[in-house]
Amino acid sequence: MKPPLPFAIRSSRAWFTRALFLFVAFALKAAPAFADDAGGVTNIFKPNGTPARAIFSYTVLVLAICAVIFIIVVGLLVYTATRFRRRSGDDGHEPPQVYGSNQIELAWTVLPIIIVFVLGLVTARTIVEIQDATPPPKALQVTVVGHQWWWEIRYPELGIVTANELHVPVSDKAQPQPTFLKLESADVAHSFWVPQLAGKTDLVPNRDNLMWIDPMTPGTYLGNCAEYCGTQHARMLIRVIVHAPGEFEQWAAAQQRDAASDPQVKAGRDLFFSTSCVNCHTIKGTEAQGKFGPDLTHLMNRETLGSGAALNAPDTLRNWVRNPQRLKEGCYMPDMQITDEEVEQIVRYLRTLN
Ligand code: CUA
């Protein structure tokens, strides 16, 4: 009678194929979903700036060591399985059972200890290299405050407050102009992560953490909150906009101005100030001084809404004002229960805040 073993193998192989298929299908389906959130996909293998490059070199070292171990282990496995496979003409007896070998046991104890020790030293060196940097006098100082689920961004020396999009000047090797970030939290633990610029650093309540970036190429760098912080953790995205030389100063000067006050949108403006919008949002130069939500003074300068939940376009802004819960369920901006006409007026006002 045939043993049932081959059937078990066949069916487990079928399960494996099915699981692999499901995984690939999920990955393919999930990839465009990330892009939908106006977040795009970022890349840890394209570092830009000193901290990210240090982490990248370390990653390559770890991957290389792991690859060598993988090749040796799989090679030995394949060799053993082929060399000692069952052959026709075998006598069917159990082969000699060998227990214990001091040399081999010593080798597979000492080698991993050396590898772990080397990796530990390199890790410590990388961390110290990044954390011990002292800010040069030209360094830009920024405070980032994590909120459920958005980022407050303050430039204390420049008197600017904005949200979700961190603007910094480009740095270069000859004249480094890094940005030093002081990280705080208004509620729970978050984590600031822009993979192309630096590693993750947590934002912890009642504690200031520090990190720095020195991007060498102008452009937009995507990142996200990397510490589960509640329902909308996934829509707590961040963008870092790195300005070419001279452009950062222009951006900062525009941000320092009070909000635009266009008489043509007076109806929407009055509506904004008569609803509870003012309790949560600040609009510089007006009586709106709320601190609970993002500063809206230069809202139209931002590329996204709801901390990267959607691109900042007229109809997404309209949907957002009508009911933020549809785009970002559970966020702390409530459905204001206002009419379509009122939504339209408020949006017309908001669209003048450039
Ligand atoms: Cu903030 Cu996750």
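Each ligand, and each atom within it, is numbered from 1 in the order the structure gives. Counting from 1, the numbers follow the sequence of the chain as shown.
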The atom name of the N, O or S atom in E227 nearest to atom 2 (Cu) of ligand 1 is O

With atom 2 (Cu) of ligand 1 as the point of reference, which N/O/S atom of H233 is the closest? ND1

Polar side chain donor-acceptor pair, [X] to [Y], under 3.5 angstrom:
X: Y221; Y: T42; value: no
X: T304; Y: E165; value: yes
X: D214; Y: T50; value: yes

Taking backbone and side chain together, does C225 place any N/O/S atom at a distance below 2.8 Å from atom 2 (Cu) of ligand 1? yes

Pair N301-W251, side chain to side chain contact (heavy atoms under 4.5 Å, CB included): steps then yes or no: CA-CA 9 Å; N301 181 257; W251 174 84; 3.1 Å; yes

Nearest N/O/S atom of H190 with respect to atom 1 (Cu) of ligand 1, by atom name, please. ND1

Give a yes or no on whether M236 keeps an N, O or S atom under 2.8 Å from atom 1 (Cu) of ligand 1. yes

Which one of R322, R318, Q345 satisfies the side-chain hydrogen bond (donor to acceptor under 3.5 Å, both in side chains) criterion with D340? R322

